[in-house]
Amino acid sequence: MKTRVRFAPSPTGHLHVGGARTALFNYLFAKKTGGTFVLRIEDTDELRSTDESTKSIFQSMKWLDLKWDEGAMPDLSEKGDFGPYIQSKRESDGIYKKYAEQLLEEKKAYYCYCSSEELDEMRKKALSEKRDPKYDGRCRHLSAEEIEEFKKQGRKPVIRFRMPDDGQTVFEDLVHKHLKFENKLLYDFIMIKASGYPTYNFACVIDDHLMEMTHIIRGDDHISNTPLQLNVYKAFGWEPPQHAHLSMILGQDGTRLSKRHGATSITEYEKQGFLPETMKNYLALLGWGTTDSQDIFKKGELEEKFDLKGCQKSAAAFDPVKLEWMNGEYIRQLSKDELFDAAQPYLKDFGLNLDKANPLHFNVVALEQEKYKLLSDVGGMVYFFFQDVKYDEAAIDKILKAPDIETILNGIKKTYSEISEFNDIVLESKTREFAKSNGFKNGQVFHPVRVSVSGSTKGPTLFKMIEYLGKEEVIKRIDKTLSLIEI
RNA sequence: GGCCCCAUCGUCUAGCGGCCUAGGACGCCGCCCUCUCAAGGCGGAGAUCACGGGUUCGAAUCCCGUUGGGGCCGCCA
């Protein structure tokens, strides 16, 4: 049978790294098994769902190149035979109501007239008395008179699922293996809210069944929802899909990932200058691994090697340091051409408008390729080719206050001004010659020249840098440095 | 409070009863390369496999308990 999986985000914010990981695993599973990857929007939270969030999620999915075969599309169209794929649309089509009514008729569900305030109070009281705060099922057996009375009060009921009082709900989770729950510990959850909207636990089951999902791959914070949902499948006499619960992603300190750990949304990582390939690779490795602990995957390799068997049961801490290392690896793998294109938007943000067709621009960006960890690093490392040098204080103290500095810089200035073929080969031999014939060590000469033209002790290979800068500019910068020293 | 899940270097992980005096990767340290910084190469430190009991000739691997961490118990998903 062809596999069908889905990613079903709630549009209540940007795509989170946890959500992205869930989306990725579903995507990889579909690719690996030759199945269908569906995107469904779970916007049944009328208060928190926004169109901006939906757009942002689509945008992040696109950035990560997680293409879905079926579902809600960015242009708001629907693709596939199991639509609508947006739950609010499904609600207005009356889908959930229809199934709720079926359970009502079969006495597998009932109306509950408790107000949210009453429910809140019951919960608080139970918690303060250290009792189970779950709903006690008091509306299960309302008399006709009681119902009349509630109606007279104008109360809007919710529909609750009648959970079995005994027995067990067991299932074989694809990552956690055998999971077992006592039905008497489950509770009569709300299927339909007073607003008429379905709740997650109900809508999810109806849609997963109607959309013919074969596997549910989601975070393990849903483990305790699973027995609830499984009982709904049972009440309808439906065959449930297989479940695979993925471990959670934690912050560096091992606590739940949150804003105080830094960036949590995919858009933020994009802004910071990570490549989408890096994010996919890194996220794949959080909670999953191959038997040979492979860490860098070529294009298409994850799709080929992914297997739920490699999923970790325990939670994984998100390590931004390793993420940066990995991004450096991916940046180094880029062709000069790809690097320029990838860096371009970040250069613009830096105030550098570089032209790929200009050989100088093109070469300068590639010059320090092996050093970039983030695409946003590029600007700060190449700006001095195009803008005024910002002298690093420490570099001035360390290098430009050395003895004989003026002799060296004046000598180099003279040497360079006499070079007609201003390229790195000639520059290097002339510079070395100057040092040797004047009794200076190479470093004594190289370092001040470097600081003079770039303002920093760190930078690209010296003579290429000088070549790219050009004779006129280099001499100008040496002059400027000399004037700084005199002061 | 109840139920559930989890537990190998700081971190991500390999391991699925003997190949483990526990392997790889990030990070860290040192050396090499070298015009700096990186990258790269080589080497090193770093895990009594949370703890305590079993089972077994033999356990990181199986079982039980303890501890610790996490999740859920919402008209959120």
Side-chain angles (χ1 to χ4, degrees), chain A residues 8-10 12 42-49 112 114-116 119-120 123 126-135 156-160 173 176 179-182 185-187 189-201 203-204 218-228 245 247-248 250 252 254-256 282 285-296 310 312-326 328-329 332 368-373 381 395 399 428 431-432 435 442-443 445-447 449-451 454 456-463 465:
Chain A
S10 295
T12 54
E42 306 215 326
D43 60 344
T44 55
D45 185 336
E46 315 96 297
L47 296 173
R48 281 182 281 188
S49 298
C112 166
C114 299
S115 69
S116 7
L119 259 13
D120 257 3
R123 251 192 306 275
L127 241 17
S128 72
E129 291 168 9
K130 301 198 186 265
R131 287 189 352 256
D132 191 350
K134 74 173 191 181
Y135 178 67
K156 292 259 280 177
V158 298
I159 303 174
R160 285 187 186 269
D173 188 275
H176 291 269
L179 261 22
K180 188 172 87 181
F181 298 83
E182 292 295 331
L185 297 168
L186 272 22
Y187 69 105
F189 71 89
I190 293 174
M191 293 160 40
I192 305 286
K193 311 176 200 178
S195 64
Y197 264 67
T199 59
Y200 164 74
N201 278 124
C204 176
R218 68 208 334 183
D220 68 14
D221 47 341
H222 285 299
I223 285 183
S224 34
N225 281 324
T226 309
L228 264 34
H245 286 99
S247 59
M248 299 274 85
L250 274 20
Q252 308 95 282
T255 64
R256 203 186 172 123
Y282 183 73
L285 257 22
L286 277 185
W288 177 78
T290 57
T291 44
D292 60 351
S293 294
Q294 182 175 350
D295 41 35
I296 301 287
Q312 201 77 14
K313 289 196 259 188
S314 51
F318 189 94
D319 180 3
V321 177
K322 187 163 184 174
L323 213 214
E324 285 204 10
W325 160 78
M326 194 177 278
E329 288 288 311
R332 267 168 247 128
E368 299 194 75
Q369 178 163 11
E370 68 279 1
K371 289 178 209 170
Y372 306 137
K373 277 193 152 58
M381 289 166 78
I399 308 294
E428 179 159 5
T431 308
R432 285 180 188 277
N442 285 337
V445 178
F446 292 176
H447 297 316
V449 175
R450 169 180 298 288
V451 174
S454 73
S456 169
T457 54
K458 302 174 188 173
T461 175
L462 184 60
F463 303 104
M465 173 163 75

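From a predicted model like this one, the values you see are computed outputs, not experimental measurements. For the numbers below, each heavy atom of this structure counts, side chains included, while hydrogens, waters and symmetry mates do not. Proteins get letters first, then strands, A, B, ... in listed order; numbering begins at 1 in each.
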### Query
Within the structure shown, what part of the strands sits under 4.0 Å from A/N225 by heavy-atom distance: base, sugar-phosphate, or nothing?
base

### Task
Would you classify A/L179 as touching base, sugar-phosphate or nothing, given that sugar-phosphate means primed atoms plus P, OP1 and OP2, and contacts are heavy atoms under 4.0 Å?
sugar-phosphate

### Summary
Per atom distances to the A/E370 side chain, the nearest of B/G1, B/G27, B/A38 is B/A38

### Query
For A/T457, which contact category applies under a 4.0 Å heavy-atom criterion: base, sugar-phosphate, or nothing?
base

### Message
Given B/A77, B/G1, B/G10, identify the nucleotide with an atom nearest to the side chain of A/L127.
### Response
B/G1

### Task
Answer with base, sugar-phosphate or nothing: what part of the nucleic acid does A/G443 contact at a heavy-atom distance below 4.0 Å?
nothing

### Task
Indicate, with a heavy-atom threshold strictly under 4.0 Å, whether A/V321 touches base, sugar-phosphate, or nothing.
sugar-phosphate

### Query
If only side-chain N and O atoms of A/S247 are considered, is one of them under 4.0 Å from the OP1 or OP2 phosphate oxygen of B/C5?
no

### Message
Do A/T290 and A/D292 pair up side chain to side chain, a donor and an acceptor below 3.5 Å, judged on atom types alone?
### Response
yes

### Task
Using the C1' atoms only, state how far B/A77 lies from B/A38, rounded to an integer number of Å.
45 Å

### Query
If only side-chain N and O atoms of A/R432 are considered, is one of them under 4.0 Å from the OP1 or OP2 phosphate oxygen of B/C35?
yes

### Query
Just checking A/D221: base, sugar-phosphate only, or nothing, at a heavy-atom cut-off of under 4.0 Å?
sugar-phosphate

### Message
Using a heavy-atom cut-off of 4.0 Å across all strands, would you classify A/I223 as base, sugar-phosphate, or nothing?
### Response
sugar-phosphate

### Message
Can you tell me if A/Q312 touches the phosphate of B/C6, counting only side-chain N or O atoms and a distance under 4.0 Å to OP1 or OP2?
### Response
no

### Message
Any side-chain N or O of A/H222 below 4.0 angstrom from OP1/OP2 of B/G71?
### Response
no

### Task
With heavy atoms under 4.0 Å as the rule, sort A/P227 into base, sugar-phosphate or nothing.
nothing

### Message
From the set B/U13, B/C76, B/C75, return the single nucleotide nearest to any side-chain atom of A/I190.
### Response
B/C75

### Task
Identify whether any heavy atom of A/Y282 sits under 4.0 Å from a base atom; if not, whether one sits that close to sugar-phosphate; answer base, sugar-phosphate or nothing.
nothing

### Query
Is a donor-acceptor contact shorter than 3.5 angstrom present between the side chain of A/K313 and the base of B/C6?
no

### Query
Reckon A/A194 touches a base, only the sugar-phosphate, or nothing at all at heavy-atom distances under 4.0 Å?
base

## Note on the structure
A/S293 has its side chain closest, among B/U13, B/C35, B/A38, to B/U13

### Query
Can you find a donor-acceptor N/O pair under 3.5 angstrom joining the side chain of A/K458 to the base of B/A38?
no

### Message
Can you tell me which nucleotide in B/U11, B/U36, B/A39 comes closest to the side chain of A/R450?
### Response
B/U36

### Message
Under 4.0 Å, counting only non-hydrogen atoms across every strand here, what does A/G328 touch: a base, just sugar-phosphate, or nothing?
### Response
nothing

### Query
Reckon A/R256 has a side-chain N or O less than 4.0 Å from the OP1 or OP2 of B/G71?
yes

### Task
Looking at every strand, decide which applies to A/S456 at a 4.0 Å heavy-atom threshold: base, sugar-phosphate, or nothing.
nothing

